[in-house]
Amino acid sequence: MSHSVTVSGQDGAFPGAPDRSVLESALRANRWLPHACSQGTCGTCKIRVLCGEVDHGRPDETILSEAERASGLTLACQATPRTDLTVAPLNDVPPDGPRHPLRDHAGTVLELADIARCTRRLVVELDEPMEFSAGQYAELIVPGSVVARQYSMANPPSESRRLEFHIKRVDGGLATEGWIFGSLRPGDRIGLRGPLGQFALVRPQEEPAILVGGGTGLAPLKSIVRHALSNDLVPSIDLYHGGRGQADLYDVDFFRALEAADPRFRYHPVLSEEQWDGATGVVTDAVLDDFASCKGRSAYLCGPPAMVTAAVKALKRRRMAPRLIFKEEFTVGSAPPVMSPV
Ligand code: FES
């Protein structure tokens with residue numbers, strides 16, 4: 001039997017299934033709660049239980065301490081309702097964030113291609129369209145298991161039935177080595193759910209944007225580039241993509257052609273471990289070299305945590321306002337655990 005969940009300050013209640021997290025029930029009812037990883041690893045979804053009881057699940061002590069639980073806090077992505085609830089999110093609900101209902105989807109693999117070192121492009125044609133915002137992610141369900149892995153959509157929201165994912169192989173990974181780099185073939189059926197996450201460029205903005213991606217962190221940035229340019233959401237975009245060598249770069253021709261066709265867009269591939277006729281070094285240093293000041297600009301960052309942390313520091317040093325820096329970090333084998341304005 002479902003319980004009734006009310007979010008303080010929001011109109012009406014939604015049904016909270018006892019076997020679903022409060023976050024999942026909210027998103028399925030098209031009610032927004034702040035979240036990023038949806039896996040209990042970032043803490044973005046922390047809520048205060050004002051009334052009622054939850055099962056906290058098994059949250060990591062470093063993300064939700066015993067003392068926090070005792071004081072009435074819980075993680076919306078881990079907690080399930082035991083009674084009717086009234087809750088209040090600790091983080092602000094971004095007024096201009098993405099707002100799309102979470103849904104289960106099924107689709108057919110259209111394309112599966114090696115595009116860079118240990119990296120594949122997976123294109124799925126969905127049976128039904130998925131509404132999402134540029135920058136969000138979906139969870140792919142590994143067949144024959146309850147395991148789901150998170151990957152950002154690389155296509156713009158206008159292509160709501162044809163989803164593109166960039167997937168890095170993980171040694172011994174159940175989803176990658178055992179499936180996407182193993183048994184998966186074009187024509188196979190696939191299950192997924194989405195959209196999730198709040199890393200997104202949704203509304204028009206006055207500030208030119210600097211996008212910095214490492215490895216397959218390029219995926220949500222590609223979606224943002226295509227969506228923002230075709231809807232005239234930003235005055236200009238500088239996209240930096242970092243890799244160790246040329247074997248790690250992909251979609252180079254696509255971005256070079258876009259740069260040639262659209263004066264608002266500039267593409268900067270950067271290699272950290274190989275000399276070539278382009279930029280070399282750490283990708284964030286390339287940003288510093290190009291911009292004496294980042295004041296009045298915004299940034300969207302996606303990649304390994306060390307790269308994202310370095311980029312945040314570099315941009316602040318160049319006087320970018322913290323409220324205009326948006327970051328999504330991913331660990332190897334999954335997509336994003338953290339997204340927030342800095
Ligand atoms: S801990 Fe719940 S969204 Fe990250």
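In listed order, ligands and their atoms are each counted from 1.
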Confirm or rule out an N/O/S atom of Cys77, from backbone or side chain, lying less than 2.8 Å from atom 2 (Fe) of ligand 1. yes

Out of all atoms in ligand 1, which are within 4.0 Å of some heavy atom of Ser38? Include the element for each. 3 (S), 4 (Fe)

Run the numbers on Glu274 and Arg244 for salt bridge (Lys or Arg N to Asp or Glu O under 4.0 Å), then give the verdict. CA-CA 7 Å; Glu274 188 181 307; Arg244 285 184 292 135; over 6 Å; no

For ligand 1, which atoms, with element, lie under 4.0 Å from some heavy atom of Cys42? 1 (S), 3 (S), 4 (Fe)

List every atom of ligand 1 that sits less than 4.0 Å from any heavy atom of Gly43, numbering the atoms from 1 in the order shown and giving each element. 1 (S), 4 (Fe)

Parallel, tilted or perpendicular: which describes the rings of His166 and Tyr250, with under 30° parallel and over 60° perpendicular? perpendicular

Should you measure from each heavy atom of Ala36, which atoms of ligand 1 turn up under 4.0 Å away? 3 (S)

Hydrophobic clustering (ILVMFWY, side-chain heavy atoms < 4.5 Å, transitive) - are Val270 and Leu315 grouped together? yes

Which of the numbered atoms in ligand 1 are under 4.0 angstrom from any heavy atom belonging to Gly40? 1 (S)

Tell me whether Thr41 reaches ligand 1 (any heavy atom closer than 4.0 angstrom to a ligand atom). yes

Is the ring centre of His241 less than 6.0 Å from the ring centre of Tyr267? no

Residue Cys45, metal atom 2 (Fe) of ligand 1, N/O/S under 2.8 Å: yes

Under a single-linkage definition using a 4.5 Å side-chain heavy-atom cutoff for Ile, Leu, Val, Met, Phe, Trp and Tyr, are Leu23 and Ile63 assigned to the same hydrophobic cluster? no

Indicate, with yes or no, if the rings of Tyr240 and His268 have centres closer together than 6.0 Å. yes

